[in-house]
Amino acid sequence: MAHRKLVPGDLIIATHNEGKLREITALLGPYGMTPVSAGQLNLPEPDETGTSFVENALIKARAAVSATGTVALADDSGLCVKALGDAPGVYTADWAEKSWFEGGPGRDWYMAMGKVEGKLAEHGPDVDRSASFHSTLALVWPDGHEEVFAGSVPGTLVWPPRGDRGFGYDPVFMIDGETRTFGQMDPAEKQEIDHRADAFAKLVGAVF
Ligand code: IMP
């Protein structure tokens, strides 16, 4: 099936996540789009009730299109840890959610990274520490046309966390071929090689 081209103009970035917004805005830079985020428009965050990255990306993009009547781009992403059966996967953000006795509501990424490490530790000191980051980008137009692109990058989990740059699980993820975590890299360098860049390269090839 032929892909639909994205013409320069308004584009809603269906996210309330500042880290994702920074990366997606930078990736879109050369393509003449005018991005505005769901967060900036105070749109409500839809419940991510899907069981896959594709379903959740579509839920977010469709919600933004319904609210604005403008073409929308959403990212659903997460960390898949091999020894944990690919958890936390689509529940990556949920693992950071603080319960009431942890001072919630709200998200704590250090707590989430600690949870992953705690579960890995249950498998003993020789556990396979390989993991991958995944991103699915969904583009939805007001007439219902949809395009979906998936990207991923392989890596290893380090402990303790290293670096204070980036967002989310960046301080524990070391992409294959690197000695620094994403949290230690210049964000401009990370966003050119990460899972969103991989998905975005496929999007660019299809819709621009
Ligand atoms: P969701 O796509 O809104 O379900 O959230 C995915 C979660 O995965 C984010 O909130 C981050 O914690 C994590 N995540 C996704 N991409 C990255 C990344 O590039 N670096 C670090 N963490 C990420």
*Short N-O contact, Lys60 and Glu48, less than 4.0 angstrom*: yes
_Connecting only ILVMFWY residues whose side-chain heavy atoms lie within less than 4.5 Å of each other, what is the rest of Ile59's hydrophobic cluster?_
none
Using atom types as modelled, flag every donor-acceptor pair under 3.5 Å from a side chain in residues 198-208 to any protein atom, sequence neighbours excluded.
residue : atom : partner : partner atom : Å
Asp198  : OD2  : Ser152  : N            : 2.9
Lys202  : NZ   : Ala150  : O            : 2.8

*Can we say Glu102 and Arg107 salt-bridge, meaning some charged N sits less than 4.0 Å from an Asp/Glu carboxylate O?*
no
*So, Ser130 versus Asp128: side-chain donor-acceptor pair below 3.5 Å or not?*
yes
*Could you please spell out the steps behind the salt bridge (Lys or Arg N to Asp or Glu O under 4.0 Å) verdict for Asp186 and Arg180?*
CA-CA 10 Å; Asp186 182 337; Arg180 295 167 298 164; over 6 Å; no
_Whichever hydrophobic residues join Ile12 through chains of side-chain contacts under 4.5 Å_ = Val36, Leu41, Leu43
*Measure the CG-OG distance between Leu21 and Ser37 for me, rounded to the nearest 0.5 Å.*
4.5 Å
*Look at the aromatic rings of Phe133 and Phe182 and report parallel, tilted or perpendicular, splitting at 30° and 60°.*
parallel
*For Asp47 and Thr49, what are the C-alpha separation, side-chain angles and deciding distance, and is it a side-chain hydrogen bond (donor to acceptor under 3.5 Å, both in side chains)?*
CA-CA 6 Å; Asp47 290 334; Thr49 51; over 6 Å; no
*Which value, rounded to the nearest 0.5 Å, describes the distance between Asn17 atom CG and Asp75 atom CG?*
8.0 Å
_The test is salt bridge (Lys or Arg N to Asp or Glu O under 4.0 Å); show your working for Asp170 and Arg165 and say whether it passes._
CA-CA 8 Å; Asp170 279 341; Arg165 310 180 86 170; over 6 Å; no
*Using distance alone, with no hydrogens and no angle criterion, decide if Thr136 and His134 have a side-chain donor and acceptor under 3.5 Å apart.*
no
*From Leu73 CG over to Leu6 CG, what is the distance, rounded to the nearest 0.5 angstrom?*
8.5 Å
*To the nearest 0.5 Å, what is the distance between CD (Gln184) and CG (Asp164)?*
9.5 Å
_Ion pair Lys98/Asp108, N-O distance below 4.0 Å_ = no
*So do Leu11 and Thr70 actually touch side chain to side chain, heavy atoms under 4.5 Å?*
no
*Salt-bridged, Asp143 to Arg4, with N to O below 4.0 Å?*
yes
*asked:* Restricting to non-hydrogen atoms, name the atom on Tyr169 and the atom on Leu79 that form the minimum distance, rounded to 0.1 Å.
replied: CD2-CD2, 3.6 Å
*asked:* I'd like to know if Arg129 and Glu117 make a salt bridge, using a cut-off of under 4.0 Å between side-chain N and carboxylate O.
replied: yes
_Please determine whether the number of non-hydrogen atoms from other residues, nucleotides or ligands lying under 6.0 Å from atom NZ of Lys119 exceeds 12._
no
_Angle between ring planes, His3 versus Phe149, binned at 30° and 60°: parallel, tilted or perpendicular?_
tilted
